[in-house]
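Everything on this sheet refers to the single structure shown next.
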Amino acid sequence: MDYNFKKIEAKWQEKWKKLSRFKVDFKNVKKKYYCLMMFPYPSGTLHVGHGRNYIIGDALSRYKVKRGFEVFHPMGWDAFGLPAENYAIKHQVHPRTSTLKNIEACKSQFLKWGILYDWEHELFTCEPSYYKWTQWLFLKFYEKSLAYRKHAPVNWCPSCATVLANEQVVNNACERCDTEVQKKELKQWFFKITDYADRLLKDLSLLTHWPERVKSMQENWIGRSEGVNIIFKGADFKGGVECYTTRPDTLYGVTFVALAAEHRLLETFNLSPEVKKFIDEVKGQVVRPEDKFEKKGVFLGKHIINPVNRDKIPLWVTNYAIMEYGTGAVMAVPAHDQRDFEFAQEYKLPIKVVIQNEDKSLREESLKEAFTEVGVQADGGPFNGKKSSEVVSLMRSFLEEKGLGKAQVRYRLRDWLISRQRYWGAPIPIIYCDSCGELPVPEKDLPVILPMDVAFKAEGESPLARETSFVNTKCPQCHKQARRETDTMDTFVDSSWYYLRYLSAHEDKKIFDSERVNQWLPVDQYIGGVEHAILHLLYSRFFTKALYDCGLIHFQEPFQNLFTQGMICKKSPNTGKLEKMSKSKGNVVSPDELIEKYGADTERLYTIFIGPPEKDAEWNDDAVAGCFRFIGRIWDFVLEHKNSYIDVSFKDIKDDVLNPDVKNVLRLTHKVIQDVTNSLEDQFHFNTAVSKIMEYSNEIRGLEYKTQEDCKVLSCALSTLLQLLSPLIPHVTEELWEILGHKKSIFETPWPEYDKEKIQTDTITIPVQVNGKLRVTLEVAASINQEDLKKAALEHPRIQPFIVGKSIKKVIVVPKRLINVVV
RNA sequence: GCCGGGGUGGCGGAACUGGCAGACGCGCAUGACUUAGGAUCAUGUGGGUUAUCCCGUGAAGGUUCAAGUCCUUUCCCCGGCACCA
């Protein structure tokens with residue numbers, strides 16, 4: 001075997017650069033295919049786990065090229081952001097320098113993997129030519145009141161020295177560095193994503209080709225709930241309390257109201273020292289414990305009136321009612337809410353059953369836990385006897401009619417905090433003037449350039465604030481001295497619209513060419529990691545909807561099909577556990593070493609064959625060798641027969657003169673085309689496509705091809721084999737294609753076509769079951785009629801013993817499938 | 001607790017609208033070629049077994065001529081949300 005992968009791969013990587021078939025022609029929109037990878041954060045060297053994403057994308061776009069699509073497969077760099085800045089601080093370099101260096105390293109890695117991008121449309125989010133338009137979008141949002149500044153409690157990461165968006169806080173810690181976040185009251189810039197909560201939720205149903213997992217995560221994050229705000233008047237104080245509930249059917253069972261410690265009403269009361277002490281304690285709990293904690297509260301000495309039955313209800317302040325949800329006041333129904341139940345038991349508060357179970361056995365005095373299921377209304381109110389689930393909406397309308405409450409839809413989603421007190425990001429284009437106030441930077445003055453020569457160490461306020469030459473500017477309105485906003489934007493703003501910019505990456509007069517964008521989007525296939533399920537994917541959907549509302553684009557969802565590939569894991573020598581590849585875990589497999597030993601095609605094949613691409617997979621060095629062997633066998637097989645190869649197609653073969661074995665090869669060839677095509681078309685079954693090709697190659701390699709006609713079949717088989725493998729292992733297939741005498745690149749030839757008729761066989765194998773158990777398989781002519789088939793089965797010597805002396809109840813004959821004899 | 005996904009050999013995983021469970025690969029075993037084998041090739045490989053037999057897709061029931069696949073109950077694993085009222 002003289003499979004010199006190094007030479008072959010270098011040769012073709014060079015040749016492909018000149019191949020126009022891999023460059024997009026935007027005008028050819030008839031069969032367009034926009035294949036988008038989540039663009040990388042250039043943070044250093046890539047490992048084989050990263051490779052999976054790009055290899056899948058490359059295989060897909062090469063396949064689509066062969067299917068005759070005009071494929072747009074661009075690449076760019078998510079180049080602003082904290083990791084680059086932190087690295088720069090640590091190593092005393094400018095983040096731009098280190099980032100550009102990393103980008104070069106990534107690019108050469110892509111090249112070595114044989115991944116083809118249309119580099120003419122490359123973009124860098126950290127360059128003024130890009131962030132000018134990020135700033136322009138900010139102004140657009142500002143104009144539409146979608147960008148605004150407010151004083152609010154925000155999440156502060158002390159280690160990153162900046163505020164974070166809600167989406168970047170995981171278990172009360174910074175998602176990046178895992179430091180516990182602090183709550184701070186600060187004036188910050190927000191995007192009004194909550195205006196889109198409803199549409200972001202509803203339109204998830206349009207995304208039929210998104211993983212359920214991702215949709216469910218977004219749904220949970222948006223967190224819609226339908227309820228009522230019910231007004232309870234004070235019995236012994238002025239005003240009242242508004243409670244939000246999703247269970248108005250339990251209104252008759254309210255026995256107390258629980259206020260959050262931060263509730264405004266408390267400020268209007270004359271509170272005893274003990275109550276004040278309690279409130280301060282609860283407020284002082286920096287982190288409200290996530291898991292079970294003891295419910296506590298104090299009675300305020302005040303009462304309110306239940307609007308439907310005039311009950312006088314005590315008012316409590318508790319640690320389990322929270323201000324951030326609903327109205328910060330809970331109408332507590334201990335009989336039908338477990339939390340209220342626990343609290344009522346602790347403080348000996350009354351429990352009132354107003355919904356009965358099926359056998360009407362719920363008794364207040366013997367209740368062990370709250371009854372939270374659907375039951376029958378038993379409250380003495382107007383809906384008595386009705387199903388409680390129906391009463392929910394009946395009660396809601398009833399309360400609205402009487403002016404006692406108001407239907408409310410609430411979302412968990414909060415506005416997106418986009419200010420960052422860090423250097424390496426796009427400056428927020430706002431100017432503050434003492435006389436004119438807050439003003440947007442005029443469009444003609446964009447971009448607001450991020451100064452390069454800055455002491456960028458983060459110390460709690462933006463490093464830009466120390467740069468007087470940046471801060472000081474003229475008011476665009478009155479031209480007096482004014483100050484610039486010094487915060488930069490969250491990098492997720494940059495990445496929320498890059499897929500639009502690819503289409504006009506070098507346009508400097510406008511953000512993008514709307515006509516072209518409308519023709520080429522939505523993206524036909526988006527591929528990336530599931531870690532972006534909420535952050536990037538939700539933000540991008542929001543941007544698309546906002547841009548739609550601005551009239552800039554005609555579509556409302558950016559990504560038609562989403563594919564989230566699984567991670568590649570390996571046992572860590574440090575922990576002994578299976579972990580995601582990372583330097584700190586010591587379980588990284590370097591593509592360089594792998595390519596050195598086996599070549600890029602082997603890495604590509606193994607990466608695709610490792611398992612279902614959407615699932616996490618364990619890297620196995622032995623199995624890599626298996627893939628290398630497979631390529632070697634293909635290499636030997638093609639070389640062995642290259643002299644018999646003739647450039648023919650299926651229609652040149654006279655199949656009636658073939659011997660059965662060779663005829664079968666012809667049949668299998670049609671079949672493998674069908675199978676592989678289906679696997680690639682049908683939701684990314686790349687791994688089974690490889691198995692099918694392996695199986696096929698095992699079948700055809702063992703035979704002898706003697707006659708002229710045999711050689712034609714062999715030639716078709718060889719060409720099919722290479723065609724089918726070409727998107728997956730492009731270098732070696734190109735080389736073999738050339739060795740067989742072809743002048744054109746294999747990627748300039750179309751994907752093979754199969755003939756369904758030719759897949760049919762003359763004889764078929766029919767399993768024969770007795771009482772559902774397989775007893776024998778029968779070789780019969782495909783054209784056999786049901787009666788003959790049945791007869792053949794019943795007379796078979798291996799079936800006879802099972803039926804002799806027994807009465808045959810029924811014989812099931814499924815044409816071309818099986819026979820089942822029931823005795 | 002709620003929402004989503006998933007449990008199949010020693011391992012990664014196949015199995016179309018219910019129709020031969022375990023494709024393909026790894027590993028393992030035996031053999032061949034070899035001075036050698038951690039290279040390559042061939043053969044075998046779910047378990048039990050003398051078997052042409054029996055058992056087998058997390059568990060238990062059910063529907064069906066037939067269930068990994070459909071229905072009911074249940075256990076476990078992964079992801080998301082969560083004292084969310």
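Letters go in sequence order (proteins before strands), and every chain restarts at 1.
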Starting at CD of A:Glu640 and ending at P of B:rU40, how long is that distance when rounded to a whole Å?
-> 18 Å

What interatomic distance, in whole Å, is found between C1' of B:rA23 and the corresponding atom of B:rA14?
-> 5 Å

Rounded to the nearest Å, what distance is computed from the CG atom of residue A:Asn166 to the C1' atom of nucleotide B:rC84?
-> 14 Å

Report yes if at least one side-chain N or O of A:Tyr325 is closer than 4.0 Å to OP1 or OP2 of B:rA85; otherwise report no.
-> yes

Describe the nucleic acid contact of A:Glu212 in one word from base, sugar-phosphate, nothing, applying a heavy-atom distance below 4.0 Å.
-> sugar-phosphate

For nucleotides B:rA15 and B:rG4, find the distance between their C1' atoms and express it as a whole number of Å.
-> 25 Å

B:rC84 P sits how many Å from A:Met323 CE, rounded?
-> 16 Å

Report the base-pairing partner of B:rA14 (Watson-Crick or G-U wobble, both distances below 3.5 angstrom), or none.
-> none

Residues A:Asp621, A:Lys570: salt bridge by 4.0 Å N-O rule = yes

Which is true for A:Pro211 with a 4.0 Å heavy-atom rule: it touches a base, it touches only sugar-phosphate, or it touches nothing?
-> nothing

According to the interplanar angle, ranging from 0 to 90°, do the rings of A:Tyr598 and A:Phe628 count as parallel (below 30°), tilted (30 to 60°) or perpendicular (above 60°)?
-> tilted

Is any side-chain nitrogen or oxygen of A:Arg339 closer than 4.0 Å to OP1 or OP2 of B:rC84?
-> yes

Nearest whole angstrom, please: distance from the P of B:rG13 to the CZ of A:Phe684.
-> 19 Å

Complementary nucleotide for B:rG68 - Watson-Crick or wobble, under 3.5 Å | none

Quick one: pull up CD1 in A:Ile279 and CG in A:Leu266 and give me the separation to the nearest 0.5 Å.
-> 4.5 Å

d(NZ, A:Lys597; C1', B:rA39) in whole Å | 12 Å

In plain terms, say whether A:Lys352 and A:Asp311 are close enough for a salt bridge, that is, a side-chain N and a carboxylate O under 4.0 Å apart.
-> yes

Check ion pair A:Glu226-A:Arg224 (N to O, under 4.0 angstrom) = yes

Which word best sums up how the rings of A:Phe343 and A:Tyr320 line up, parallel for under 30°, tilted for 30 to 60°, or perpendicular for over 60°?
-> tilted

Using the C1' atom on both, measure B:rU69 against B:rG6 and round to a whole Å.
-> 15 Å

Is A:Glu695 paired with A:Lys692 through a side-chain N to carboxylate O contact shorter than 4.0 Å?
-> no

Who are the ring pair (Phe, Tyr, Trp, His ring centres under 6.0 Å) partners of A:His796, not counting sequence neighbours?
-> none

With the criterion being N/O to N/O and under 3.5 Å, what pairs connect the protein with nucleotides 78-82 of chain B, and how long is each?
residue: B:rG80; atom: N2; partner: A:Asn220; partner atom: ND2; Å: 3.3
residue: B:rG80; atom: N3; partner: A:Asn220; partner atom: ND2; Å: 2.9
residue: B:rC81; atom: O3'; partner: A:Arg412; partner atom: NH1; Å: 2.9
residue: B:rA82; atom: OP1; partner: A:Arg412; partner atom: NH1; Å: 2.2

A:Lys295 NZ to B:rA85 P, straight-line distance once rounded to whole Å = 14 Å

Using atom CZ of A:Arg775 as one end and atom P of B:rU52 as the other, report the distance to the nearest whole Å.
-> 12 Å

Which label fits B:rG27, syn or anti, where anti is any glycosidic angle not within 90° of 0?
-> anti

Contacts of A:Pro612 that satisfy side chain to side chain contact (heavy atoms under 4.5 Å, CB included) - sequence neighbours left out | A:Glu614, A:Lys615, A:Asn687

If only atom types and distance count, is the side chain of A:Asn220 paired as donor or acceptor with the main-chain N or O of A:Ser216 below 3.5 Å?
-> yes

Can you run down the salt bridge (charged side-chain N to carboxylate O under 4.0 Å, His left out) pairs that involve residues 528-541 of chain A, sequence neighbours left out, and say none if there aren't any?
-> A:Arg541-A:Glu557

Rounded to whole angstrom, note down the C1' distance from B:rG18 over to B:rC83.
-> 45 Å

Between B:rC75 and B:rG27, how far apart are the P atoms? Round to whole Å, please.
-> 40 Å

Pair assignment for B:rG1, Watson-Crick or G-U wobble, requiring both distances under 3.5 Å | B:rC81

Cationic tip of A:Arg410 above A:Tyr325 ring, under 6.0 Å, 45° of axis | no

Produce the list of close N/O pairs, under 3.5 Å, pairing protein atoms with atoms of nucleotides 19-26 of chain B; give distances to one decimal.
residue: B:rA23; atom: O2'; partner: A:Glu695; partner atom: OE1; Å: 3.2
residue: B:rA23; atom: O2'; partner: A:Glu695; partner atom: OE2; Å: 3.0
residue: B:rG25; atom: OP1; partner: A:Asn698; partner atom: ND2; Å: 3.3
residue: B:rC26; atom: OP1; partner: A:Arg629; partner atom: NH2; Å: 2.7
residue: B:rC26; atom: O2'; partner: A:Asn620; partner atom: ND2; Å: 3.4

For B:rA51, which nucleotide in any strand shown is its Watson-Crick or wobble partner with both distances under 3.5 Å?
-> none

If the C1' atom of B:rC16 is compared with that of B:rA67, how far apart are they to the nearest Å?
-> 16 Å

Base, sugar-phosphate, or nothing: which does A:Lys809 touch, judged by heavy atoms less than 4.0 Å apart?
-> nothing

Considering only atom C1', compute the distance from B:rU8 to B:rG44 and round it to an integer number of Å.
-> 22 Å

Once you round it to whole Å, what is the distance between C1' of B:rC16 and CD of A:Glu681?
-> 16 Å

Span that lies between the P atom of B:rA59 and that of B:rC76, in whole angstrom | 15 Å

Could you check which nucleotide pairs with B:rC41 in any of the strands shown, counting Watson-Crick or G-U wobble with both distances under 3.5 Å?
-> B:rG31

Closest-nucleotide 5' rank along RNA chain B - winner of A:Ala329 and A:Glu614 = A:Glu614

Do A:Thr669 and A:Tyr696 get their side chains close enough for a donor-acceptor pair, meaning under 3.5 Å?
-> yes

Mind listing the N/O atom pairs, protein and nucleotides 60-62 of chain B, below 3.5 Å?
none

Indicate, with yes or no, if the rings of A:Phe492 and A:Trp416 have centres closer together than 6.0 Å.
-> no

